[in-house]
Student: 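Have a look at this one before I ask anything.
Both ligands and their constituent atoms are indexed starting at 1 by order of listing.
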Amino acid sequence: MSYSREPLNPLNPLLNTSFRITVLISGRGSNLLSLIQHAKNYRIVEVISDNSDAPGLRHAHQAGIDVIGFSRRSYPSLIAHKQAIYDKLEQTSHDLIVLAGFMQILEKEFVERHAGRIVNIHPSLLPAFRGLDSHKRALETFRRSGGKKACHGCTVHFVNTEVDTGPIIAQTVCPIESSDCEETLAARVLKHEHRIYPWVVNKIASRNICYQNGTVVLDKSTALEAERLGFNVIGFN
Ligand code: GRF
(Lines give C-alpha, C1' and ligand atoms only; values in the text may rest on other atoms or scores of the structure.)
Protein backbone atom coordinates (compact mmCIF):
# COMPACT_ATOMS: atom_id res chain seq x y z
CA MET A 1 0.00 0.00 0.00
CA SER A 2 1.34 3.47 -0.83
CA TYR A 3 0.04 7.02 -1.10
CA SER A 4 0.21 9.20 -4.16
CA ARG A 5 1.13 12.81 -3.39
CA GLU A 6 -1.69 14.25 -5.47
CA PRO A 7 -5.37 13.31 -5.40
CA LEU A 8 -5.81 10.69 -8.08
CA ASN A 9 -9.12 12.04 -9.18
CA PRO A 10 -10.07 15.54 -10.24
CA LEU A 11 -13.63 14.62 -9.16
CA ASN A 12 -15.03 15.03 -12.61
CA PRO A 13 -18.67 13.97 -12.18
CA LEU A 14 -18.90 12.84 -15.79
CA LEU A 15 -15.97 10.52 -15.27
CA ASN A 16 -17.54 9.16 -12.13
CA THR A 17 -21.01 8.39 -13.40
CA SER A 18 -19.68 6.76 -16.53
CA PHE A 19 -17.81 4.13 -14.53
CA ARG A 20 -19.47 0.85 -15.43
CA ILE A 21 -19.42 -2.22 -13.22
CA THR A 22 -20.66 -5.77 -13.64
CA VAL A 23 -21.55 -7.65 -10.47
CA LEU A 24 -21.24 -11.45 -10.27
CA ILE A 25 -23.24 -13.37 -7.68
CA SER A 26 -24.21 -16.97 -6.93
CA GLY A 27 -26.73 -16.74 -4.11
CA ARG A 28 -28.43 -14.45 -1.61
CA GLY A 29 -27.12 -11.17 -3.03
CA SER A 30 -27.11 -8.99 0.08
CA ASN A 31 -23.83 -7.36 -0.98
CA LEU A 32 -25.33 -6.77 -4.41
CA LEU A 33 -28.26 -4.99 -2.76
CA SER A 34 -25.90 -2.80 -0.78
CA LEU A 35 -23.92 -2.00 -3.94
CA ILE A 36 -27.19 -1.01 -5.63
CA GLN A 37 -28.29 1.16 -2.71
CA HIS A 38 -24.96 2.97 -2.31
CA ALA A 39 -23.97 3.54 -5.95
CA LYS A 40 -22.68 7.10 -6.27
CA ASN A 41 -19.76 7.08 -8.65
CA TYR A 42 -20.50 3.90 -10.56
CA ARG A 43 -23.32 2.40 -12.56
CA ILE A 44 -24.15 -1.31 -12.37
CA VAL A 45 -24.62 -2.22 -16.02
CA GLU A 46 -25.45 -5.86 -15.46
CA VAL A 47 -25.60 -8.63 -12.91
CA ILE A 48 -24.40 -12.08 -13.91
CA SER A 49 -24.95 -15.29 -12.02
CA ASP A 50 -23.73 -18.84 -12.51
CA ASN A 51 -27.05 -19.87 -10.97
CA SER A 52 -30.18 -18.66 -12.71
CA ASP A 53 -32.18 -19.35 -9.52
CA ALA A 54 -29.97 -17.20 -7.30
CA PRO A 55 -32.34 -15.37 -4.91
CA GLY A 56 -30.17 -12.25 -5.10
CA LEU A 57 -31.08 -11.71 -8.76
CA ARG A 58 -34.40 -10.24 -7.64
CA HIS A 59 -32.55 -7.19 -6.26
CA ALA A 60 -31.22 -6.46 -9.74
CA HIS A 61 -34.63 -7.07 -11.33
CA GLN A 62 -36.25 -4.67 -8.88
CA ALA A 63 -33.63 -2.03 -9.63
CA GLY A 64 -34.15 -2.41 -13.38
CA ILE A 65 -30.63 -3.74 -13.96
CA ASP A 66 -29.97 -6.26 -16.74
CA VAL A 67 -29.69 -9.76 -15.32
CA ILE A 68 -28.16 -12.80 -16.92
CA GLY A 69 -28.40 -16.15 -15.15
CA PHE A 70 -26.43 -19.05 -16.58
CA SER A 71 -28.10 -22.26 -15.55
CA ARG A 72 -25.67 -25.15 -15.24
CA ARG A 73 -28.39 -27.43 -16.66
CA SER A 74 -28.28 -25.62 -20.00
CA TYR A 75 -24.66 -26.61 -20.66
CA PRO A 76 -23.20 -30.05 -21.41
CA SER A 77 -20.20 -29.59 -19.10
CA LEU A 78 -18.81 -27.42 -16.33
CA ILE A 79 -16.26 -26.05 -18.77
CA ALA A 80 -18.96 -25.02 -21.26
CA HIS A 81 -20.93 -23.40 -18.44
CA LYS A 82 -17.94 -21.36 -17.29
CA GLN A 83 -17.00 -20.49 -20.85
CA ALA A 84 -20.46 -19.01 -21.47
CA ILE A 85 -19.95 -16.71 -18.47
CA TYR A 86 -16.49 -15.68 -19.68
CA ASP A 87 -17.80 -14.99 -23.17
CA LYS A 88 -20.49 -12.73 -21.74
CA LEU A 89 -17.98 -10.91 -19.54
CA GLU A 90 -15.69 -10.34 -22.52
CA GLN A 91 -18.56 -8.94 -24.60
CA THR A 92 -19.74 -6.44 -22.01
CA SER A 93 -18.04 -3.10 -21.75
CA HIS A 94 -17.25 -2.47 -18.10
CA ASP A 95 -14.54 -0.84 -16.03
CA LEU A 96 -14.68 -3.20 -13.07
CA ILE A 97 -15.93 -6.71 -12.32
CA VAL A 98 -17.24 -6.97 -8.77
CA LEU A 99 -17.46 -10.44 -7.22
CA ALA A 100 -20.15 -10.50 -4.54
CA GLY A 101 -20.57 -14.04 -3.27
CA PHE A 102 -19.63 -15.54 -6.65
CA MET A 103 -18.78 -19.17 -5.93
CA GLN A 104 -16.61 -19.90 -8.97
CA ILE A 105 -12.86 -19.66 -9.18
CA LEU A 106 -11.93 -17.54 -12.18
CA GLU A 107 -9.47 -18.94 -14.71
CA LYS A 108 -5.89 -17.74 -14.46
CA GLU A 109 -5.83 -16.39 -18.04
CA PHE A 110 -9.03 -14.41 -17.49
CA VAL A 111 -7.72 -12.88 -14.26
CA GLU A 112 -4.41 -11.98 -15.89
CA ARG A 113 -6.16 -10.28 -18.78
CA HIS A 114 -8.23 -8.21 -16.33
CA ALA A 115 -5.53 -7.49 -13.75
CA GLY A 116 -6.61 -4.63 -11.50
CA ARG A 117 -10.15 -4.73 -12.83
CA ILE A 118 -11.67 -7.44 -10.63
CA VAL A 119 -12.46 -7.02 -6.93
CA ASN A 120 -13.76 -9.46 -4.34
CA ILE A 121 -15.04 -9.36 -0.79
CA HIS A 122 -14.05 -12.11 1.60
CA PRO A 123 -15.47 -12.67 5.09
CA SER A 124 -12.23 -12.78 7.07
CA LEU A 125 -9.22 -10.64 7.80
CA LEU A 126 -7.03 -11.96 5.00
CA PRO A 127 -4.53 -13.53 4.88
CA ALA A 128 -6.29 -15.43 7.69
CA PHE A 129 -8.94 -17.97 6.69
CA ARG A 130 -8.76 -17.92 2.91
CA GLY A 131 -11.37 -20.03 1.14
CA LEU A 132 -14.57 -21.50 2.55
CA ASP A 133 -15.92 -21.69 6.12
CA SER A 134 -14.04 -18.65 7.36
CA HIS A 135 -16.46 -17.98 10.24
CA LYS A 136 -16.29 -21.57 11.44
CA ARG A 137 -12.50 -21.51 11.40
CA ALA A 138 -12.34 -18.10 13.10
CA LEU A 139 -14.58 -19.43 15.88
CA GLU A 140 -12.45 -22.57 16.28
CA THR A 141 -9.32 -20.44 16.56
CA PHE A 142 -11.05 -18.16 19.07
CA ARG A 143 -12.02 -21.13 21.25
CA ARG A 144 -8.64 -22.84 20.95
CA SER A 145 -6.90 -19.63 22.03
CA GLY A 146 -9.10 -19.39 25.12
CA GLY A 147 -10.80 -16.28 23.71
CA LYS A 148 -7.56 -14.41 22.97
CA LYS A 149 -7.82 -14.49 19.17
CA ALA A 150 -11.04 -12.54 19.06
CA CYS A 151 -10.52 -10.46 15.89
CA HIS A 152 -12.46 -11.30 12.78
CA GLY A 153 -13.83 -9.18 9.94
CA CYS A 154 -13.87 -8.80 6.19
CA THR A 155 -11.51 -7.83 3.39
CA VAL A 156 -11.96 -6.21 0.00
CA HIS A 157 -9.13 -7.02 -2.39
CA PHE A 158 -8.16 -7.00 -6.03
CA VAL A 159 -8.31 -10.47 -7.50
CA ASN A 160 -5.16 -12.21 -8.63
CA THR A 161 -4.53 -15.73 -9.85
CA GLU A 162 -4.54 -17.37 -6.40
CA VAL A 163 -7.75 -17.58 -4.36
CA ASP A 164 -8.10 -14.76 -1.77
CA THR A 165 -4.49 -13.60 -2.02
CA GLY A 166 -4.78 -10.46 -4.18
CA PRO A 167 -3.67 -7.00 -3.02
CA ILE A 168 -5.74 -5.92 -0.04
CA ILE A 169 -7.65 -2.67 -0.44
CA ALA A 170 -9.53 -2.34 2.85
CA GLN A 171 -10.56 -4.35 5.88
CA THR A 172 -12.96 -3.96 8.77
CA VAL A 173 -12.30 -5.65 12.07
CA CYS A 174 -15.11 -6.92 14.23
CA PRO A 175 -14.93 -8.86 17.49
CA ILE A 176 -15.85 -12.46 18.14
CA GLU A 177 -17.96 -12.84 21.26
CA SER A 178 -17.94 -15.90 23.48
CA SER A 179 -21.66 -16.43 22.91
CA ASP A 180 -21.17 -16.48 19.10
CA CYS A 181 -22.15 -19.32 16.84
CA GLU A 182 -21.33 -19.31 13.13
CA GLU A 183 -24.61 -17.61 12.25
CA THR A 184 -24.32 -14.72 14.72
CA LEU A 185 -20.72 -14.12 13.74
CA ALA A 186 -21.52 -14.23 10.01
CA ALA A 187 -24.38 -11.75 10.53
CA ARG A 188 -22.09 -9.33 12.40
CA VAL A 189 -19.42 -9.50 9.70
CA LEU A 190 -22.01 -9.13 6.94
CA LYS A 191 -23.13 -5.74 8.29
CA HIS A 192 -19.54 -4.55 7.89
CA GLU A 193 -19.36 -6.01 4.39
CA HIS A 194 -22.38 -3.97 3.37
CA ARG A 195 -20.63 -0.75 4.43
CA ILE A 196 -17.14 -1.37 3.17
CA TYR A 197 -17.80 -2.87 -0.27
CA PRO A 198 -19.75 0.03 -1.81
CA TRP A 199 -17.32 2.46 -0.20
CA VAL A 200 -14.35 0.78 -1.93
CA VAL A 201 -16.11 0.46 -5.29
CA ASN A 202 -17.16 4.14 -5.18
CA LYS A 203 -13.53 5.09 -4.44
CA ILE A 204 -12.20 2.96 -7.31
CA ALA A 205 -14.78 4.55 -9.59
CA SER A 206 -13.70 8.05 -8.55
CA ARG A 207 -10.05 6.99 -9.03
CA ASN A 208 -9.22 7.67 -5.39
CA ILE A 209 -8.16 4.04 -5.10
CA CYS A 210 -6.11 2.55 -7.93
CA TYR A 211 -4.29 -0.59 -8.84
CA GLN A 212 -0.75 0.04 -10.04
CA ASN A 213 1.71 -2.72 -10.89
CA GLY A 214 0.18 -5.19 -8.51
CA THR A 215 -0.22 -2.84 -5.57
CA VAL A 216 -2.96 -0.61 -4.18
CA VAL A 217 -2.49 3.14 -4.35
CA LEU A 218 -4.79 5.59 -2.62
CA ASP A 219 -4.71 9.28 -1.86
CA LYS A 220 -4.32 10.67 1.60
CA SER A 221 -7.85 12.06 1.93
CA THR A 222 -9.23 8.61 1.14
CA ALA A 223 -7.00 7.07 3.80
CA LEU A 224 -8.24 9.63 6.33
CA GLU A 225 -11.84 9.03 5.34
CA ALA A 226 -11.30 5.28 5.75
CA GLU A 227 -9.94 5.87 9.24
CA ARG A 228 -12.99 7.96 10.18
CA LEU A 229 -15.27 5.20 8.94
CA GLY A 230 -13.36 2.49 10.80
CA PHE A 231 -11.89 0.87 7.67
CA ASN A 232 -8.30 -0.24 7.73
CA VAL A 233 -6.48 0.59 4.52
CA ILE A 234 -2.87 0.36 5.58
CA GLY A 235 -0.60 -2.13 7.20
CA PHE A 236 -1.90 -5.29 5.66
CA ASN A 237 0.15 -5.49 2.48
C1 GRF B 1 -20.41 -12.80 1.73
O2 GRF B 1 -20.13 -13.15 3.05
C3 GRF B 1 -19.14 -12.53 0.96
O4 GRF B 1 -18.12 -12.00 1.76
C5 GRF B 1 -18.73 -13.89 0.49
O6 GRF B 1 -19.94 -14.54 0.19
C7 GRF B 1 -21.00 -13.96 0.94
C8 GRF B 1 -22.04 -13.52 -0.03
O9 GRF B 1 -23.18 -13.04 0.61
N10 GRF B 1 -17.80 -13.82 -0.60
P11 GRF B 1 -24.29 -12.26 -0.23
O12 GRF B 1 -24.68 -13.20 -1.37
O13 GRF B 1 -23.68 -10.99 -0.72
O14 GRF B 1 -25.42 -12.05 0.72
Student: With distance as the sole criterion, is a donor-acceptor pair present between the side chains of T155 and H122 under 3.5 Å?
Tutor: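 H122 and T155 do not have a side-chain donor-acceptor pair below 3.5 Å.
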Student: Do S221 and N208 pair up side chain to side chain, a donor and an acceptor below 3.5 Å, judged on atom types alone?
Tutor: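 There is no such pair between these side chains.
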Student: Among protein heavy atoms, which lies nearest atom 9 (O) of ligand 1, and at what distance?
Tutor: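 Of the protein heavy atoms, R28 NH2, 3.1 Å lies nearest.
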Student: Salt-bridged, R188 to E177, with N to O below 4.0 Å?
Tutor: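 Yes, R188 and E177 are salt-bridged.
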Student: Looking only at atom types and distance, does a side-chain atom of Y42 sit under 3.5 Å from a main-chain N or O of L35, one as donor and one as acceptor?
Tutor: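 Checked: pair present.
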Student: Pairing donors with acceptors under 3.5 angstrom, does anything connect the side chains of D87 and Q91?
Tutor: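 No donor-acceptor contact under 3.5 Å links the two side chains.
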Student: Give a yes/no on ligand 1: does I121 have at least one heavy atom closer than 4.0 angstrom to it?
Tutor: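 Yes, that is the case, since the closest heavy atom of the residue is under 4.0 Å from the ligand.
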Student: List the closest protein heavy-atom neighbour of atom 3 (C) of ligand 1: residue, atom name, distance to the nearest 0.1 Å.
Tutor: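 That would be E193 OE1, 3.2 Å.
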Student: Indicate yes or no: does an N/O atom of S30 lie under 3.5 Å from an N/O atom of ligand 1?
Tutor: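 Yes, S30 has an N/O under 3.5 Å of an N/O on ligand 1.
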Student: Which ligand 1 atoms does G101 reach within 4.0 Å, using its non-hydrogen atoms?
Tutor: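 That gives atoms 6 (O), 8 (C), 10 (N) of ligand 1.
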Student: Below 3.5 Å, N or O to N or O, backbone or side chain included: is there any such pair between G29 and ligand 1?
Tutor: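 So ligand 1 has an N or O lying under 3.5 Å from an N or O of G29.
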Student: Report yes or no: does a heavy atom of P123 sit under 4.0 Å from some atom of ligand 1?
Tutor: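 P123 counts as a contact of ligand 1 under the 4.0 Å cut-off.
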Student: When you check the side-chain N and O atoms of N51 and S49, is any donor under 3.5 Å from an acceptor?
Tutor: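 There is no such pair (donor and acceptor under 3.5 Å, judged by atom type) between the side chains of N51 and S49.
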Student: Hey, is C154 one of the residues with a heavy atom under 4.0 angstrom from ligand 1?
Tutor: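 No.
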